[in-house]
Participant: 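One structure follows; several queries about it will come next.
Predicted, not measured: the structure shown is a model, and the values here were computed from it.
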Amino acid sequence: MEPAIAPSVDRRSAAALISRLRTAVGQRNPYPYYAELRAMGDIVPAPWGGHLITSFGLADQVLRSRDWHVPDARWRASQGEATRWSAVSSQEMSKTLPALNPPDHTRVRRVTSSRLDRRSLEELRHPVAGITDGLLDRFAEHLTGGEADFVPLVAEELPVMTIGRWLGLPAADYPLLRDLTHDQVFAQELLPSASQLALSDAATAQLRGYFTALVRERRSRPGSDPVSAWIRAWDEIEPDREAADEAVYHTTLFVLLAALETTSTLLATTVQLLLGHPRQWGWLRGHPEQVPAAVEEALRYDAPTHVASRIARKDLTIAGVDVRADQMVHIMIGVANRDPAHHPDPDTFDVRRKAAHLSFSGGIHYCLGAPLARLEATTLLTALLERFPSLVLAREPQWAPRVAFRRMLTLPVALP
């Protein structure tokens with residue numbers, strides 16, 4: 001049975017909005033277009049088939065429900081060789097934790113989370129503070145010469161230095177890993193172009209070479225690092241050593257990609273929003289205990305990830321619309337987080353708001369790295385408020401041409 005489509009909304013209307021989201025204006029501020037999309041209904045026909053989910057309540061329901069799966073390797077293979085899902089980078093991502101469904105997801109998440117628990121977070125607290133202080137020392141030197149770009153100096157450095165040190169990677173490799181991550185994430189975009197997929201495929205091949213070599217090295221010389229711990233854990237449950245090493249590689253790849261891209265965007269966006277609201281920046285200086293709440297509001301107001309995709313496990317009806325088994329829906333997180341039915345005055349940035357959001361997903365796929373991202377953001381923001389209380393925006397930031405994964409390219413700031 002074909003899915004029911006509200007007669008007042010056709011796919012061309014949604015297509016026009018998506019096209020505008022992909023422009024420079026849309027990258028800079030997608031929210032006026034999101035408001036138009038939300039006005040079309042809780043569930044809207046997607047231009048390429050399937051549906052877009054715009055309301056907070058419906059998005060939360062789909063993320064938590066066991067009636068929905070992520071697009072795993074089986075589903076991607078069923079889409080055919082002429083689709084984006086057959087790209088090397090897409091196939092590789094289908095073997096990582098975010099693209100696994102139970103029971104595989106249950107087993108892999110259990111092993112992975114053994115080194116991303118509360119104890120590990122506490123062990124990272126002091127290193128994160130030290131890395132932050134060192135980065136802000138260098139940031140201060142650049143500020144003495146006028147304006148400084150917060151993104152390359154701080155926002156992109158803190159995540160890669162944190163995860164790189166935790167995994168025991170050589171510091172000289174950080175720039176390469178950061179650049180490869182920026183290219184690889186195109187495979188996870190909403191509508192990647194052929195050239196973007198080519199970049200992602202090339203980056204994926206390099207990352208595979210890098211991390212398979214790392215796993216071999218840690219197997220021959222194990223230590224107390226997470227990669228060595230994952231090798232030991234997989235050896236206990238997987239008798240095939242080659243399969244165990246492959247699982248460790250995919251875990252390490254996932255941890256790197258998840259830790260770098262979204263966290264750097266969170267750091268840059270949080271600072272940009274607060275400096276763009278100087279009264280709230282000033283209020284927060286006097287109420288540093290509210291820094292965690294400010295981070296949550298930044299996550300709600302402009303999440304690092306704006307789209308998540310799910311597949312119907314069976315024929316379903318949601319919000320009066322029929323969705324066939326194996327059909328995809330795109331959860332528009334950036335739209336849902338500003339749903340006026342859930343948040344009063346949602347377009348107002350307010351650090352005193354008790355901000356519920358879907359920016360770390362929900363259900364069994366709730367982000368494993370959320371506590372670490374929050375730790376980095378709160379540590380950095382607390383230090384900035386203390387060391388640079390008069391920091392101001394110098395110019396508007398620039399954004400990368402993306403829809404699903406936000407990325408700030410520049411954030412020029414200055415001291416008056």
Participant: So does Gln398 get a backbone contact from the side chain of Thr410, meaning a donor-acceptor N/O pair under 3.5 Å?
Facilitator: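 Yes: the side chain of Thr410 pairs with the backbone of Gln398.
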Participant: So, Arg374 side chain and Val295 main chain: donor-acceptor pair closer than 3.5 Å or not?
Facilitator: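 No, Arg374 side chain to Val295 backbone: no donor-acceptor pair under 3.5 Å.
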Participant: The criterion is side-chain contact (heavy atoms from CB on, under 4.5 Å); which residues satisfy it with Glu141, sequence neighbours excluded?
Facilitator: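 For Glu141, no residue satisfies side-chain contact (heavy atoms from CB on, under 4.5 Å) once neighbours in sequence are set aside.
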Participant: Going by ring-ring contact (aromatic ring centres under 6.0 Å, His included), name the residues that satisfy it together with His365, two or more places apart in sequence or in a different chain.
Facilitator: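 ring-ring contact (aromatic ring centres under 6.0 Å, His included) list for His365, sorted by chain: His105.
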Participant: Any donor-acceptor pair under 3.5 Å linking the side chain of Thr262 with the backbone of Ala258?
Facilitator: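 Present.
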Participant: Mind checking what makes ring-ring contact (aromatic ring centres under 6.0 Å, His included) contact with Tyr301, not counting sequence neighbours?
Facilitator: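 Testing Tyr301 for ring-ring contact (aromatic ring centres under 6.0 Å, His included), a comparison that skips the adjacent residues, returns Phe349.
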Participant: Which residues pass the salt bridge (Lys or Arg N to Asp or Glu O under 4.0 Å) test with Arg406, sequence neighbours left out?
Facilitator: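 If we apply the salt bridge (Lys or Arg N to Asp or Glu O under 4.0 Å) test to Arg406, skipping adjacent residues, the hits are Asp302.
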Participant: For Arg221, check side-chain hydrogen bond (donor to acceptor under 3.5 Å, both in side chains) against everything at least two apart and list the hits.
Facilitator: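 Arg221 satisfies side-chain hydrogen bond (donor to acceptor under 3.5 Å, both in side chains) with Glu217 once adjacent residues are dropped.
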Participant: Residues in salt bridge (Lys or Arg N to Asp or Glu O under 4.0 Å) with Asp149, at least two apart?
Facilitator: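 Scan of Asp149 (salt bridge (Lys or Arg N to Asp or Glu O under 4.0 Å), adjacent residues dropped) gives none.
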Participant: Stepwise, does the side-chain hydrogen bond (donor to acceptor under 3.5 Å, both in side chains) test hold for Thr204 with Asp201?
Facilitator: CA-CA 5 Å; Thr204 300; Asp201 287 351; 5.4 Å; no
Participant: Tell me whether Trp281 contacts the main-chain N or O of Pro389 through its side chain, where contact means a donor paired with an acceptor under 3.5 Å.
Facilitator: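 Side chain of Trp281 to backbone of Pro389: a pair is present.
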Participant: Has the side chain of Glu189 got a donor or acceptor atom that lies under 3.5 Å from a matching backbone atom of Ala404?
Facilitator: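 Yes; judged by distance alone, with no hydrogens or angles, the pair exists.
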Participant: Quick one: does Thr96's side chain have a donor or acceptor within less than 3.5 Å of a partner on Glu92's backbone?
Facilitator: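 No; zero donor-acceptor contacts below 3.5 Å.
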Participant: State which residues pass ring-ring contact (aromatic ring centres under 6.0 Å, His included) with Tyr31; sequence neighbours excluded, sorted by chain then number.
Facilitator: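 Once residues adjacent in sequence are excluded, the partners of Tyr31 under the ring-ring contact (aromatic ring centres under 6.0 Å, His included) criterion are Tyr34, His306.
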Participant: Test Asp326 against every option in Arg74, Lys314, Arg313 by the salt bridge (Lys or Arg N to Asp or Glu O under 4.0 Å) rule and name the one that passes.
Facilitator: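 When salt bridge (Lys or Arg N to Asp or Glu O under 4.0 Å) is applied between Asp326 and each of Arg74, Lys314, Arg313, only Arg74 qualifies.
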Participant: Report the residues that fulfil salt bridge (Lys or Arg N to Asp or Glu O under 4.0 Å) with Glu289, sequence neighbours left out, ordered by chain and then residue number.
Facilitator: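 So Glu289 forms no salt bridge (Lys or Arg N to Asp or Glu O under 4.0 Å) with any residue.
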Participant: Donor-acceptor pair, distance only, cut-off 3.5 Å: does the side chain of Arg84 make one with the backbone of Ala187?
Facilitator: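 The answer is yes, because a donor-acceptor pair under 3.5 Å joins these two groups.
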Participant: When you measure from the side chain of Arg218 to the backbone of Asp225, do you find a donor-acceptor pair of N or O atoms at a distance under 3.5 Å?
Facilitator: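 Absent.
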Participant: Do the side chain of Ser65 and the main chain of Gln61 share a donor and acceptor less than 3.5 angstrom apart?
Facilitator: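 Checked: no pair found.
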Participant: List in chain and number order the residues that pass side-chain hydrogen bond (donor to acceptor under 3.5 Å, both in side chains) with Asp245, two or more places apart in sequence or in another chain; answer none if no residue qualifies.
Facilitator: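 Result, side-chain hydrogen bond (donor to acceptor under 3.5 Å, both in side chains) vs Asp245: Arg219.
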Participant: Using the test salt bridge (Lys or Arg N to Asp or Glu O under 4.0 Å), find all partners of Asp173 that sit at least two apart in sequence or belong to another chain.
Facilitator: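 Applying salt bridge (Lys or Arg N to Asp or Glu O under 4.0 Å) to Asp173 gives none.
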Participant: Among residues at least two apart in sequence or on other chains, which ones pass ring-ring contact (aromatic ring centres under 6.0 Å, His included) with Trp399?
Facilitator: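 With neighbours one apart ignored, the set is empty.
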Participant: Under the side-chain hydrogen bond (donor to acceptor under 3.5 Å, both in side chains) test, which residues partner Arg165, sequence neighbours left out?
Facilitator: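 Testing Arg165 for side-chain hydrogen bond (donor to acceptor under 3.5 Å, both in side chains), a comparison that skips the adjacent residues, returns none.
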Participant: Nearest 0.5 angstrom please: His343 NE2 to Glu297 CD, how far?
Facilitator: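 Spacing of NE2 (His343) from CD (Glu297) equals 8.0 Å.
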Participant: Hey, is the main chain of Asn337 close enough, under 3.5 Å, to the side chain of Arg300 for a donor-acceptor pair?
Facilitator: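 Pair found, side chain donor or acceptor close to backbone of Asn337.
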